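To keep things clear, I will list the structure first and then write my remarks on it.
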Amino acid sequence: MASPSSSSHLNFAFVPKIEPKAEPLELDFPISPIGRMPNLTHGISELTSLSPATDGEEKLFTEYHRLISTLLPTSGATGSSDSTAVLAVPIPDSPAPILTAGMSVNKRRRRDRSSEMVRICSLREKDRIHFRNLIRRARITFESLRLLIKQVEAREKDFGIPRKSSRPDLKAAALMTNCDLWLNRHKRIIGSIPGICVGDIYFFRAELCVIGLHGHIQGGIDYVSASRSSTGEPIATSIVASGGYEDDEDGGDVLIYSGHGGREGNLRKMCVSQKLERGNLALERSMRYGIEIRVVRGMKIDRGPNGKVYVYDGLYKVVDCWMDGGKSGLGVYKYKLLRIEGQEEMGSSMFKQAATLQVSSLSARKGGYFCSDISMGRESLPVSLYNDLDDDKDPLHFQYLAHPLYPPDIQSQFHGDGRRGCECVTDCSSECYCAALNGGEFAYDAGGVLVRGKPLIYECGTACMCPPSCPNRESQKGIRRRLEVFRSNEIGWGVRSWDLVQAGTFVCEYSGIVLTKEQTELLSFAGENLVHPSRFPARWAEWGDVSDVFPNYMTPRYPLSPELSFSLDVSRARNLACYLSHSCSPNVFMQFVLYDHHNPSFPHLMIFAMENIPPLRELSIDYGVMDEWAQKLIAM
DNA sequence: GCTTGCTCAGGCTA
DNA sequence: CTAGCCTGAGCAAG
């Protein structure tokens, strides 16, 4: 097996990270009961018992049945695999509703939060992956629903239907509640939650609730209530430190947190002194019993849907508690929390570290930065190269291709393909020609976020009249975040971002020299390793999948994408994408896009985020073929 | 069980 | 750009 840097032809770096596939969980990992809590009797399988989407309240559903059925992909769009037929398919007038009016929704009461406290001490690797996948699935469902609801409401607005207050985050969470899709509600987990990593980032409080990291949509202190705790005392489990109280001081490993209460309504100012009750008492009791507290920090950011992110910073212990005069002169409870040692680096400090990288020049950075831009200006932003392990500067030895290079005869065909574009002067609307190509809707929302993956996306392109700022040109605008190719012991080469990457946004294109089917066969025969677009699993289908909530949801089948037979040769020329590492639970996925020509047999390979990816976390994609390869590696 | 009060949201507007 | 207004929904407690 060739190492990433010594192979003579295929030198790209998606080699060595091998993760076993998630398997059904065995139920014997150790869980320690807390205090006088009863021993766990049911086993951890309960943690995974998500019931199917059958229950719920009719009201929310019926409202969204109707609306969403006009938007969700349907099975109605059939057509031949002939590429010219794709262009001929008109906008469906009334898509077959995926949610029929009579769909039965059994009423069942939402499950109450449990009071049984458990601590999960250690997880085997395959359990870790299993839980990670559960969390991933819940987050994708939440975000997909949120984007979908946003899209529905934007369309309503276009039709002049007024809406009072739009809170797609709350609605998404409510739909998931109705289907009993909130995680970790039937056990109160003390300490780390399986599947949630230090550094994970969220944009909405509702999302924290959905995955069970923190139980309150507004409240800062989550605790097991006194009435439900076996000792009759409230026990705190997690806090969100958003800086909402004037007395909060945040020093990273040491956190001074203010208790709640003492305020009226939504006022930020204190009105009366706080009392040692509810969450305040819970934090004090957690200190007394040595219970660890999950800490989520709210941080302001420039990007993102609401200018704010929530970062999970790991476990802390309350070490001190006192009543303070407070800046307002009123009594405020203060808690000193110390971060437990031996955890992954704090997510919030990764933000700070990444921010320093943004402003410092190459020479001012500490060792390891070899090159400030391996693309030599060919990408829209510089792509830096980092290696503090050895002298390998492999990525510098290739010609940098920001966009794929098509064979001349193929390219000449593109010009004769009779393509036309839209004639929109300002913003493209759903009436636009390009919208029709996509089945009457655009793939992206107004903010340029991919609403759901599709077999193929037609962006507005060179033949269109609309301005370059058109939202339907998202992936052709080039990379929007500072990306870095870096060397690590575990993965050989990898790619990471200096900025946080919001789920559903474009990351980069996968580039190389395009080989036709015939050339591919010839070179494969010669033993050349090539990137085969057809081998990427259809991970795009996961992005936008709301079938857990709407069982009739169908994966988009339109626009049609023919079987892809071309390949990319990245042995001579490439871009940063070929340094993406492989994972079975990837955080980015491949989406095929057309914009500069209309030949669906040769789409662009565009990479989008399927999770919110914190700064400096490695990006990983599912190469598909790796399973076989990984097995060989394991066998060696 | 139901109701009420509490809450470091988030969206919109002036 | 920010303050303020307003609706919001889960939870604990009564």
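Chain naming here is simple, since letters A, B, ... match the order of the sequence lines and numbering starts at 1 in each. The structure displayed is predicted, hence computed values, not measured ones.
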Seminar exercise, completed: Ranking A:Gly219 and A:Pro305 by the position along DNA chain B of their nearest nucleotide, the one closer to 5' is A:Gly219
Problem set entry | Short side-chain N/O contact to C:dG10 OP1/OP2 from A:Tyr223, under 4.0 Å | no
Exercise. According to a strict under-4.0 Å criterion, is A:Ser227 in side-chain N/O contact with OP1 or OP2 of C:dA12?
Worked result: no
For this session: Look at A:Tyr310 and B:dA9 and indicate whether a side-chain polar atom (N or O) is within less than 4.0 Å of OP1 or OP2.
Result: yes
Exercise. Contact class for A:Asp222 vs. all strands (heavy atom < 4.0 Å): base, sugar-phosphate, or nothing?
Worked result: nothing
Problem set entry | Check ion pair A:Lys334-A:Asp320 (N to O, under 4.0 angstrom) | no
Problem set entry | Dot-bracket encoding per residue of DNA chain B, Watson-Crick/G-U cut-off under 3.5 Å, | denoting interstrand | .||||||.||||||
For this session: Compare the minimum distances between each of C:dA12, B:dT7, B:dG10 and the side chain of A:Arg188, then state the nucleotide with the smallest one.
Result: C:dA12
Problem set entry | Residues A:Asp222 and A:His216: side-chain donor-acceptor under 3.5 angstrom | yes
Exercise. Within this structure, what is the CG-to-P distance between A:Leu170 and B:dC12, rounded to whole angstrom?
Worked result: 13 Å
Problem set entry | Short N-O contact, A:Arg297 and A:Asp313, less than 4.0 angstrom | yes
For this session: Using the six-membered ring wherever Trp is involved, compare the ring planes of A:Phe608 and A:Tyr444 and label them parallel, tilted or perpendicular (cut-offs 30° and 60°).
Result: parallel
Exercise. Across the strands shown, which category fits A:Ala206 at heavy-atom distances under 4.0 angstrom: base, sugar-phosphate, nothing?
Worked result: nothing
Exercise. When we call it a touch if two heavy atoms are under 4.0 Å apart, what does A:Arg146 touch: a base, just sugar-phosphate, or nothing?
Worked result: nothing
Exercise. Between A:Arg205 and B:dA9, does any side-chain N or O lie under 4.0 Å from OP1 or OP2?
Worked result: yes
